[in-house]
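Written out below as structure tokens is the structure these notes cover.
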Amino acid sequence: VPAAQARAQILAARRYATFWDAGDAALAQAALAADFSDRTLPAGREQGIAGPLAASRTMRTAIPDLHCDIEQMIIAGDRVVVHLHFRGHFSGTFNGTAGSGQAIDFIATDIYRVDHGRIAENWHIEDNLTLMRQLGLVD
């Protein structure tokens, strides 16, 4: 991967992780291509940039102090693989359930296809079972 391409890929991945960390929609819009496609679209989530924006709002409503760190990043060709680590406290509400400050600590792995410095496609998997347990929604 040419150095300039790698720098652009790293920047897009860092902008997107910082969007999850800070909740700033402008960072998602800077990281994602106009025709961004979520290739592992969760049920009920809108395709395109609107999907992650809505997901972030839902997460921040439940976990106002949500933080996201990049634990690992691998670049191969036009792909970037990131291992994300989310932490915070369930002090808000999630689907009508109020939190009582429970610690939240789960991981996600994303595979991005980056085109012209923007994430064009994303394949992702989150440890939703751990998250749902920490939210107190499953045993």
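Worth saying up front: this structure is predicted, and the values here are computed from it rather than measured.
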- Item | For Phe106 against Asp127, the heavy-atom pair lying closest together | CB-O, 4.0 Å

- Message: Membership question, hydrophobic clusters at under 4.5 Å side-chain separation (ILVMFWY): are Trp123 and Ile74 in the same one?
- Response: yes

- Task: Classify the angle between the aromatic ring planes of Tyr16 and Phe19 as parallel (below 30°), tilted (30 to 60°) or perpendicular (above 60°).
- Result: parallel

- Flag if over 12 foreign heavy atoms under 6.0 Å of CZ, Arg60: yes

- Message: Working note: Asp110 + Val81, criterion side chain to side chain contact (heavy atoms under 4.5 Å, CB included); need CA distance, chi angles, decisive distance, verdict.
- Response: CA-CA 6 Å; Asp110 286 17; Val81 179; over 6 Å; no

- Query: Would you say the side chain of Ser91 lies within less than 4.5 Å of the side chain of Ile63, judging by non-hydrogen atoms?
  - Reply: no

- When every non-hydrogen atom of Ala6 is compared with those of Ile75, the smallest separation belongs to O-CD1, 4.1 Å

- Item | Verdict with supporting geometry, Val138 and Leu129, side chain to side chain contact (heavy atoms under 4.5 Å, CB included) | CA-CA 8 Å; Val138 297; Leu129 181 57; 4.0 Å; yes

- Validation row: Leu27, Thr18 side chains within 4.5 angstrom (heavy atoms): yes

- Task: Work out which heavy atom in Ile49 is nearest to a heavy atom in Phe36; give both atom names and the distance.
- Result: N-CD2, 3.9 Å

- Query: Has the side chain of Asn122 got a donor or acceptor atom that lies under 3.5 Å from a matching backbone atom of Tyr112?
  - Reply: no

- Message: I need the Gln9 CD to Arg14 CZ distance, nearest 0.5 Å.
- Response: 13.0 Å

- Partner residues of His124 under the side-chain hydrogen bond (donor to acceptor under 3.5 Å, both in side chains) criterion, sequence neighbours left out: Asp38, Thr40, Glu126

- Item | Thr58 side chain to Ala54 backbone, donor-acceptor under 3.5 Å | yes

- Task: Answer yes or no: is there a side-chain heavy-atom contact under 4.5 Å between Ser37 and Gln47?
- Result: yes

- NZ/NE/NH1/NH2 to OD/OE distance under 4.0 Å, Glu46 and Arg57: no

- Message: Quick check: closest heavy atoms across Val80 and Met73, and the distance to 0.1 Å?
- Response: CG1-CG, 3.7 Å

- More than 12 heavy atoms of other residues, nucleotides or ligands under 6.0 Å from CD1 of Ile125: is that the case? no

- Task: May I ask you to decide if Gln29's main-chain N or O and Arg118's side chain share a donor-acceptor pair within less than 3.5 Å?
- Result: yes

- Message: Can a side-chain donor-acceptor contact be found between Glu71 and His83 if the only test is distance below 3.5 angstrom?
- Response: no

- Task: Ignoring hydrogens and angles, tell me if any N or O in the side chain of Gln134 forms a donor-acceptor pair with the backbone of Asp105 under 3.5 Å.
- Result: yes

- By side-chain hydrogen bond (donor to acceptor under 3.5 Å, both in side chains), which residues pair with Thr93, not counting sequence neighbours? none

- Task: Could you go through the side chain to side chain contact (heavy atoms under 4.5 Å, CB included) check for Ile104 and Leu135 one step at a time?
- Result: CA-CA 8 Å; Ile104 300 297; Leu135 293 172; 3.9 Å; yes

- Query: Ion pair present between Arg87 and Asp69, side-chain N to carboxylate O less than 4.0 angstrom?
  - Reply: yes

- Grab the two heavy atoms, one from Ile70 and one from Ala13, that are nearest each other, plus how far apart they are. CD1-O, 4.2 Å

- Atom of Ser56, atom of Gly23 and distance for their closest heavy-atom approach: OG-CA, 3.9 Å

- Query: Can you name the side-chain contact (heavy atoms from CB on, under 4.5 Å) partners of Asp35, sequence neighbours left out?
  - Reply: Ala33

- Contact check, side chains of Gln5 and Ile10, non-hydrogen atoms, under 4.5 Å: no

- Message: With side chain to side chain contact (heavy atoms under 4.5 Å, CB included) as the criterion, how do Thr61 and Phe94 come out once you've worked through the C-alpha distance, each side chain's angles and the decisive distance to 0.1 Å?
- Response: CA-CA 7 Å; Thr61 297; Phe94 183 81; over 6 Å; no

